[in-house]
Undergrad: 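Quick one: the structure is below, and I'll ask about it shortly.
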Amino acid sequence: MSDVKTYPIPQNFQDAHINKETYDVMYARSINEPEAFYREQAEQFLTFERAPDAICSWDLSKGEASWFAGGKLNVTVNCIDRHLPARAQQTAIIWEGDDPAVDKHITYAELHEQVCRLANVLRARGVKKGDRVCIYMPMIPEAAYAMLACARVGAVHSVVFGGFSPDALKDRILDSDCRVLITADEGVRGGKSVALKANADKALAACPNTHTCLVVKRTGGAIQWDASRDVWYHDAVAEVPAECEPEPMDAEDPLFILYTSGSTGKPKGVLHTTAGYLLHTAMSFKYTFDYREGEVYWCTADVGWVTGHSYIVYGPLCNGATTLMFEGVPTYPDASRCWQVVDKHKVNTFYTAPTAIRALMGAGNEYVTRASRQSLRILGTVGEPINPEAWEWYFHTVGEGRCPIVDTWWQTETGGHMLTPLPGATATKPGSATLPFFGVQPVLLDGEGREIEGAGEGSLAIKASWPSQIRSVYGDHQRMLDTYFSTFKGYYFTGDGARRDADGYYWITGRVDDVLNVSGHRMGTAEIESALVLHDLVAESAVVGYPHDIKGQGIYCYVTLMAGTEPTDALKKELVALCTKEIGPIAKPDIIQWAPGLPKTRSGKIMRRILRKIAANELDTLGDTSTLADPSVVDELIENRANR
Ligand code: WTA
């Protein structure tokens with residue numbers, strides 16, 4: 001790929017925390033002497049109450065990993081208490097409201113008090129170490145307080161993205177048996193309110209074990225109230241002490257569950273533990289973003305996703321950084337919002353998703369140039385492959401060519417960055433997530449599971465444990481083993497395909513399974529199919545992704561109706577509404593095509609490969625259709641395809 005551009009490490013990053021030489025030395029050490037390397041890193045980044053007995057051990061063929069066994073620590077002591085002597089009055093969280101006129105600075109001292117108070121409320125309500133607490137919140141500081149309050153008392157939080165439907169919320173509450181839910185009356189995004197409490201009421205109607213619903217008053221809008229269950233957050237925290245003893249946790253005690261989609265079945269509760277997760281997020285925050293004392297850092301993700309967990313809350317706070325939390329959307333009041341916020345709060349690092357970059361690029365450069373953006377030093381992306389055009393625009397127009405871009409590849413299951421440039425160490429190539437982070441050993445495997453040497457393309461897998469590795473799927477450990485540790489024995493399988501070029505740089509080619517990535521939101525095709533077939537008039541459905549200019553992937557649904565059913569636009573609308581109801585607005589189909597028949601093998605398996613090609617309008621690479629039970633269904637689908 002000689003036509004690929006390479007951008008050298010900028011001159012002004014020569015004194016970054018990690019330069020090319022230190023990267024090479026530290027990377028080699030992290031692989032060859034992980035015990036020594038991680039002992040030192042843990043000493044630098046973590047405060048243990050009791051030192052660990054061992055640093056690491058693992059057996060990926062059994063999906064086993066243990067980091068810092070025997071160590072005792074509390075995440076909130078690491079993220080808050082230990083910063084107090086030096087930074088009690090430093091801002092921990094800058095909250096930028098949906099309304100550009102509304103913001104708030106929360107110091108580390110205030111964060112400490114808020115977290116302690118809420119932790120005391122949880123304890124008073126019977127929450128103990130190991131209990132699960134569900135958090136269904138808008139992007140307000142209380143969302144971070146809630147996560148940290150759980151960690152304070154050793155409860156395991158399960159944050160459910162505020163855009164999920166009541167049904168999706170209910171499934172998640174039941175799966176991990178959360179007895180307490182923390183939510184808000186309403187959320188506010190782009191000037192519109194989101195009925196969180198009303199959604200929570202619907203979900204909780206089917207969750208008899210959930211005895212407490214703490215409600216933050218965000219808007220004061222009208223809501224229903226169940227006095228036997230609902231408690232105003234502000235009343236509860238006012239009644240308890242402002243100090244709270246942290247629960248000493250084992251290094252391998254669970255910290256949180258986060259549900260994510262896979263190829264099959266319902267979303268899985270990915271389980272992360274304490275010390276390894278915190279170390280990897282803290283290290284990667286500091287090194288990937290070359291974080292400096294006093295800098296302001298902004299990640300636009302929602303705390304409902306792993307990016308919000310690792311890089312709004314845990315990684316930044318563990319480093320004593322100032323993290324910006326944004327309630328709104330990048331296009332409200334207009335497409336200049338992000339850059340106005342950058343100027344207003346003197347943001348140094350800006351971390352967002354390619355879908356947002358593409359949308360802002362489409363809005364026009366004047367929205368960017370209206371702001372000075374002089375404070376920006378580093379730009380980051382995450383969540384999906386970034387196309388080189390968007391990368392170039394981000395680099396040249398937003399960053400004026402002076403801010404390195406860190407394209408970070410990782411997953412809910414990996415907890416933190418796995419492949420990423422480091423600003424002072426890695427020359428970048430638009431569209432490549434470049435090289436592995438410390439401790440990460442990526443490999444490309446061929447169809448037979450053999451490691452590909454040198455340049456090539458294959459399934460991306462990881463060969464050795466790293467500290468923030470997934471430890472289990474909540475309530476179904478076997479499912480973790482089947483999903484990630486069985487396809488290729490002895491490796492963690494990512495579900496992504498990748499190419500490695502002659503410089504050893506990785507280029508993610510996208511999922512090799514039936515997982516969609518729509519606007520950086522991960523979704524299983526099976527989840528959408530299950531929603532569609534709930535409709536009485538739907539006999540069968542098959543959902544695939546197709547290339548979408550802004551969203552990365554769009555949702556394309558083939559729907560077979562019951563015999564004799566009239567295919568109408570009204571019915572299409574009902575199906576779209578059904579997906580929104582069952583899963584949430586993020587699962588809204590972009591295209592529904594009526595499919596009198598689906599291409600199936602003689603054994604009845606749907607040939608998704610063909611459906612993907614039709615959806616992408618790539619008819620010349622349709623491949624062999626002769627093994628189909630009825631090849632003529634393909635002609636019909638092509639004839640009526642909706643994306644031309
Ligand atoms: C995709 C988000 C290309 C990938 C942190 C992965 C990416 C899935 C990148 C995980 C990137 C994430 N380049 N693809 N920089 N980052 N992905 O669990 O397909 O929501 O498997 O975690 O997003 O999505 P998840």
Side-chain angles (χ1 to χ4, degrees), residues 159-161 163-164 256-263 267-272 277 280-281 284-285 288 299-312 314-315 351-358 379-388 390-391 394 405-421 426 428-437 440 442 459-462 468-470 473 483-484 487 492-500 505-525 527 545 547 551-553 586:
V159 183
V160 176
F161 173 56
F164 277 123
F256 67 85
I257 298 165
L258 185 56
Y259 286 87
T260 194
S261 299
S263 322
K268 306 180 272 286
V270 170
L271 185 88
H272 281 289
Y277 171 82
H280 192 95
T281 54
S284 51
F285 174 76
T288 303
C299 165
T300 68
D302 191 286
V303 289
W305 309 114
V306 75
T307 308
H309 283 59
S310 301
Y311 299 108
I312 293 179
Y314 292 115
Y351 188 32
T352 196
T355 187
I357 299 168
R358 287 190 294 263
L379 300 171
T381 98
V382 56
E384 40 171 333
I386 181 163
N387 46 314
W391 195 105
Y394 199 29
I405 294 183
V406 288
D407 175 357
T408 61
W409 173 86
W410 57 295
Q411 308 178 296
T412 305
E413 296 86 342
T414 72
H417 300 159
M418 299 295 277
L419 298 172
T420 179
T426 323
T428 48
K429 303 185 192 188
S432 171
T434 75
L435 299 171
F437 188 72
V440 175
S459 296
L460 180 64
I462 313 290
S468 56
Q469 176 188 319
I470 178 176
V473 164
T483 311
Y484 308 104
T487 320
Y492 165 80
F493 176 46
T494 66
D496 278 312
R499 189 165 62 75
R500 188 169 50 221
Y505 276 41
Y506 288 86
W507 302 73
I508 303 296
T509 52
R511 301 287 305 194
V512 295
D513 53 13
D514 293 319
V515 171
L516 302 183
N517 197 328
V518 181
S519 300
H521 298 150
R522 195 169 146 177
M523 246 171 295
T525 51
E527 288 168 68
K551 302 181 184 183
Q553 271 188 313
I586 57 171

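Bear in mind the structure is a predicted one, so any value in this text is a computation, not a measurement. Counting starts at 1 for both ligands and their atoms, in listed order.
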Undergrad: Kindly assign one of parallel, tilted or perpendicular to the pair Tyr277 and Phe256, based on the angle between their ring planes and the thresholds 30° and 60°.
TA: perpendicular
Undergrad: Using a 3.5 Å distance criterion without hydrogens, assess whether the side chain of His521 forms a donor-acceptor pair with backbone atoms of Asn517.
TA: no
Undergrad: Name the closest protein heavy atom to atom 10 (C) of ligand 1, giving the residue it belongs to and the distance to 0.1 Å.
TA: Trp410 O, 3.6 Å
Undergrad: Applying a strict 4.0 Å limit to heavy atoms, is Gly383 in contact with ligand 1?
TA: yes
Undergrad: Backbone N or O of Gly497 within a donor-acceptor pair of the Thr509 side chain at under 3.5 Å?
TA: yes
Undergrad: For Arg522 and ligand 1, does the shortest N/O to N/O distance drop below 3.5 Å?
TA: yes
Undergrad: Counting each atom of ligand 1 from 1 as listed, which ones have a heavy atom of Val382 under 4.0 Å away?
TA: 5 (C)
Undergrad: Is a donor on one side and an acceptor on the other found under 3.5 Å between the side chain of Tyr311 and the backbone of Thr281?
TA: no
Undergrad: Checking a contact table here: which protein heavy atom is nearest atom 3 (C) of ligand 1, and how many Å away?
TA: Pro385 N, 3.1 Å
Undergrad: Could you tell me whether Thr307 approaches ligand 1 through its side chain, its backbone, both or neither, with non-hydrogen atoms closer than 4.0 Å?
TA: side chain
Undergrad: Using a heavy-atom cut-off of under 4.0 Å, does the side chain or the backbone of Thr408 touch ligand 1, or both, or neither?
TA: backbone
Undergrad: Among all protein non-hydrogen atoms, which one is nearest to atom 4 (C) of ligand 1, and what is the separation to 0.1 Å?
TA: Asp496 OD2, 3.1 Å
Undergrad: Tell me whether Arg499 contacts the main-chain N or O of Trp507 through its side chain, where contact means a donor paired with an acceptor under 3.5 Å.
TA: no
Undergrad: So between Arg511, His309, Glu413, Glu384, whose heavy atom ends up nearest atom 13 (N) of ligand 1?
TA: Glu384
Undergrad: With a 4.5 Å limit on heavy-atom distance, are the side chains of Trp410 and Ser310 in contact?
TA: yes
Undergrad: Between Gln411 and ligand 1, which residue portion shows a heavy-atom distance shorter than 4.0 Å: side chain, backbone, both, or neither?
TA: both
Undergrad: Output all residues satisfying side chain to side chain donor-acceptor pair (under 3.5 Å) with His417, sequence neighbours left out; order by chain, then residue number.
TA: Thr288, Tyr351
Undergrad: With a 4.5 Å heavy-atom cut-off, do His272 and His280 have their side chains touching?
TA: no
Undergrad: Is there a donor-acceptor pair closer than 3.5 Å between any side-chain N or O of Glu384 and the backbone N or O of Thr355?
TA: yes
Undergrad: Would you say Trp305 touches ligand 1, if touching means a heavy atom closer than 4.0 Å?
TA: no
Undergrad: For Thr412, which part has a heavy atom under 4.0 Å from ligand 1: side chain, backbone, both, or neither?
TA: both
Undergrad: Could you tell me, atom by atom, which parts of ligand 1 come under 4.0 Å of a heavy atom of Ile508?
TA: 3 (C), 14 (N)
Undergrad: Distance alone, cut at 3.5 Å: any donor-acceptor contact between the side chains of Gln411 and Tyr484?
TA: no
Undergrad: What do you reckon, does Asn517 have a nitrogen or oxygen under 3.5 Å from a nitrogen or oxygen of ligand 1?
TA: yes
Undergrad: Hey, looking at atom 15 (N) of ligand 1, which of Asp407, Ile386, Thr381 has the closest heavy atom?
TA: Asp407
